[in-house]
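Read the structure below first, then the notes.
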Amino acid sequence: MAIYNPKSLKAEEFINDGEILATLEYAEQNKNNIELIDAILEKARPKKNGNGVTCAGLTHREASVLLACDIPEKIEEIYKIAEEIKLAFYGNRIVMFAPLYLSNYCVNGCVYCPYHLKNKHIARKKLTQDEVKAEVIALQDMGHKRLAIEAGEDPKNNPIEYILECIKTIYSVHHKNGDIRRVNVNIAATTVENYRKLKEAGIGTYILFQETYHKESYLKLHPTGPKHDYDYHTEAMDRAMEGGIDDVGLGVLFGLELYKYEFAGLIMHAEHLEAVHGVGPHTISVPRIKKADDIDPTAFDNSISDEIFAKITACIRLAVPYTGMIISTRETEATRTKLLRLGISQVSGGSRTSVGGYTQDERPHDTEQFDVSDQRTLDEVVAWLMENGHIPSFCTACYREGRTGDRFMSLCKNGQILNCCHPNALMTLTEYLVDYASDKTKEIGYKLIEEELEKIPNEKVKAIAIDNIENIKNSNRRDFRF
Ligand code: SAM
């Protein structure tokens with residue numbers, strides 16, 4: 001039997017079934033242990049430290065106790081601390097992105113995904129480079145600056161060379177005042193050599209959802225194809241790090257397995273990355289299974305309620321305070337509104353999950369990966385965020401200034417966010433308002449920017465930000481950043 005070791009590079013040792021089961025038992029035994037719960041909450045709370053704020057985070061065992069706890073006042077406290085952490089490290093900024101589907105050819109048999117090989121009624125499509133350009137222009141015309149590219153796994157149709165060519169094309173398109181400044185990549189687990197190529201192509205985050213940490217279920221849910229190899233999939237982030245990618249994004253597809261098991265596995269994965277590479281995950285995504293062609297979400301009996309989903313999100317926020325958290329348009333406006341208060345720092349907007357979807361007038365369904373619940377335009381999403389007190393940010397400065405991995409984390413910890421990320425958010429929001437927003441969104445936005453500029457503590461930084469914003473409004477100069 002494998003022994004738990006967070007520093008091991010073997011999947012079964014750092015995501016250890018025995019340790020997860022022992023954690024769940026410990027959490028169950030302590031879910032009403034008020035003294036312990038209070039001590040865990042105290043540990044999770046952000047603390048002032050010199051100029052900055054620090055947060056201890058929680059171990060997978062501590063975080064699992066909070067997740068198991070059903071005491072309403074304690075849950076309220078978890079939510080309150082989640083919001084405090086989000087505000088302490090990310091402020092009221094919400095980073096915007098959109099997915100771009102390159103190809104839905106896939107050789108895997110994932111039973112929850114409509115792209116699975118045996119699905120014969122879904123149309124298969126792979127974008128040509130001209131089509132990639134057209135999609136990118138459509139995305140730039142919406143106002144997007146940051147994309148997550150998505151593709152099925154198919155060594156013949158979507159080899160790494162194809163993905164690299166698409167990345168090059170995406171970065172090369174400059175339409176009007178638009179450009180894509182950060183391409184995150186969500187493709188199947190691959191080799192160190194391929195991760196190195198992705199790094200050299202200038203990608204931002206490498207995202208790979210674990211889907212489920214439960215090995216036995218994983219093997220059943222991925223019955224055929226290269227993705228069937230649980231160890232290769234689970235160890236992918238270590239290979240990505242070895243290939244030089246230090247911003248990696250984790251995620252679980254909630255609904256496949258028991259959520260408490262997944263939660264413990266997810267936090268253990270974050271602990272493993274920290275223990276081995278000295279840097280935790282850059283982001284964590286929290287997708288839930290959605291209806292799709294050939295996929296009925298009710299066939300998966302581990303689906304979670306909105307209440308549990310909120311609790312999971314908040315507990316992740318407490319456990320890994322410096323990690324960005326992403327919620328996609330799989331969720332409705334109402335769910336997204338609630339989760340934004342519990343630690344989410346990144347949302348997608350105006351998304352289409354079909355191959356070639358952005359260049360179509362009507363939302364196409366023939367090549368779609370899943371139903372999009374939040375179908376609002378990016379302009380509507382931006383306005384909604386601002387009306388809810390958030391600053392939509394199109395900033396991509398960090399990785400372009402080399403602030404990746406632990407360098408990004410130290411910016412967070414040193415309290416420099418208000419002098420750096422905050423003005424960057426306001427400048428990129430101004431770009432969005434000037435170039436793409438409706439009159440209504442412009443009105444809300446300019447007012448918000450004026451108020452938010454006052455929060456920049458360093459007077460010199462504030463003066464530069466004001467000057468840059470004037471430049472954006474009165475000229476075609478763009479892409480200012482700290
Ligand atoms: N083929 C890649 C891989 O194996 O990781 C790339 C990503 S796939 C396009 C993106 C993610 O969509 C998957 O990792 C999965 O978690 C999620 N997904 C698949 N089917 C889904 C469904 N029916 N509802 C919601 N999300 C789904």
Side-chain angles (χ1 to χ4, degrees), residues 97-117 119 122 124-127 147-155 157-160 162-163 166 184-190 194-195 198 205-213 217-218 221-230 232-237 239-240 248-257 262 266 283-300 302-304 309 326-332 335 348 351-355 357 365 367-374:
F97 78 100
L100 170 59
Y101 282 75
L102 299 178
S103 167
N104 66 353
Y105 282 94
C106 194
V107 297
N108 285 316
C110 317
V111 301
Y112 49 84
C113 179
Y115 293 169
H116 68 83
L117 184 66
N119 186 355
I122 195 164
R124 299 287 169 175
K125 188 167 165 57
K126 168 187 168 180
L127 298 180
L147 301 182
I149 56 172
E150 313 273 341
E153 179 168 16
D154 185 330
N157 285 298
N158 325 325
I160 193 72
Y162 170 71
I163 304 291
C166 291
N184 296 335
V185 175
N186 185 1
I187 61 164
T190 185
N194 286 348
Y195 286 126
L198 288 170
T205 312
Y206 171 66
I207 302 161
L208 180 70
F209 299 159
Q210 177 65 29
E211 321 298 6
T212 175
Y213 283 97
S217 300
Y218 182 97
L221 291 160
H222 307 93
T224 54
K227 196 165 170 176
H228 178 71
D229 188 336
Y230 174 88
Y232 190 74
H233 187 82
T234 310
E235 292 159 8
M237 293 315 191
R239 291 193 302 280
V248 298
L250 305 180
V252 156
L253 186 55
F254 283 102
L256 298 179
E257 245 301 335
E262 303 292 28
L266 183 65
T283 55
I284 289 184
S285 302
V286 285
R288 287 195 284 189
I289 302 179
K290 294 282 304 173
K291 188 180 169 308
D293 179 76
D294 208 34
I295 307 296
D296 172 9
T298 60
F300 299 88
N302 291 308
S303 68
I304 49 171
F309 191 47
I326 303 178
I327 187 99
S328 76
T329 54
R330 287 178 184 85
E331 299 299 334
T332 60
T335 304
S348 44
S351 306
R352 296 208 167 168
T353 62
S354 44
V355 183
H365 294 290
T367 62
E368 204 170 45
Q369 196 191 18
F370 51 80
D371 274 3
V372 169
S373 294
D374 186 343

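These numbers come from the heavy atoms of this one structure, side chains and all, not from hydrogens, waters or symmetry mates. In listed order, ligands and their atoms are each counted from 1.
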In the protein, what heavy atom is nearest to atom 24 (N) of ligand 1, and what distance, to one decimal place, separates them? Lys290 N, 2.8 Å
Filtering Ser103, Gly152, Ala151 for the heavy atom nearest atom 2 (C) of ligand 1 leaves Ala151
Can you pull out the closest protein heavy atom to atom 7 (C) of ligand 1? Residue, atom name and distance to 0.1 Å, please. Asn186 OD1, 3.5 Å
Shortest protein heavy-atom distance from atom 17 (C) of ligand 1, along with the residue and atom involved: Arg330 NH2, 3.5 Å
Looking only at protein heavy atoms, identify the closest one to atom 19 (C) of ligand 1 and say how far it is in Å. Gln369 NE2, 3.3 Å
With atoms numbered from 1 as shown, which atoms in ligand 1 lie under 4.0 angstrom from a non-hydrogen atom of Arg288? 25 (C)
In this structure, is the centre-to-centre distance between the rings of His233 and Tyr213 below 6.0 Å? no
Examine ligand 1 and decide if any of its atoms is less than 4.0 Å from a heavy atom belonging to Pro297. no
Just to be sure I read this right, does ligand 1 sit under 4.0 Å from the backbone of Lys227, its side chain, both, or neither, counting only heavy atoms? side chain
Run the contact test for Ala188 against ligand 1 with a 4.0 Å cut-off on heavy atoms, strictly below, and give the result. yes
Enumerate the atoms of ligand 1 whose separation from the nearest heavy atom of Cys113 is less than 4.0 angstrom. 19 (C), 20 (N)
Any ion pair linking Glu153 and Lys227 (charged N to carboxylate O, less than 4.0 Å)? no
Tyr162 ring centre to Lys126 NZ or CZ under 6.0 Å, with the angle to the axis within 45°? yes
Applying side chain to side chain donor-acceptor pair (under 3.5 Å), run through Glu150 and Asn186 and close with a yes or a no. CA-CA 5 Å; Glu150 313 273 341; Asn186 185 1; 2.8 Å; yes
Out of all atoms in ligand 1, which are within 4.0 Å of some heavy atom of Ile289? Include the element for each. 24 (N), 25 (C)
Atom 16 (O) of ligand 1: nearest protein contact (heavy atom, Å): Glu211 OE1, 2.5 Å
Side-chain donor/acceptor of Asp371 to backbone N/O of Lys290, under 3.5 Å: no
For ligand 1, which atoms have a heavy atom of Leu208 less than 4.0 angstrom away? 5 (O)
Tell me, please: is Lys291 in heavy-atom contact with ligand 1, that is, under 4.0 Å? no
Heavy-atom nearest pair, Ile295 first then Pro114, reads CG1-N, 3.7 Å
Cation-pi, Tyr232 ring and Arg239 (6.0 angstrom, 45 degrees): yes
What's the shortest distance from atom 11 (C) of ligand 1 to any protein heavy atom, and which residue and atom give it? Phe209 CD1, 3.9 Å
Main-chain N/O of Asn108 paired with His116 side-chain donor or acceptor, under 3.5 Å: no
Does NZ or CZ of Arg352 lie under 6.0 Å from the centre of the six-membered ring of Tyr101, at an angle within 45° of the ring axis? no
How long is the straight-line distance from OH of Tyr230 back to CG of Leu221, given to the nearest 0.5 Å? 12.0 Å
So for Tyr112 against ligand 1, with non-hydrogen atoms under 4.0 Å, the contacting part is both
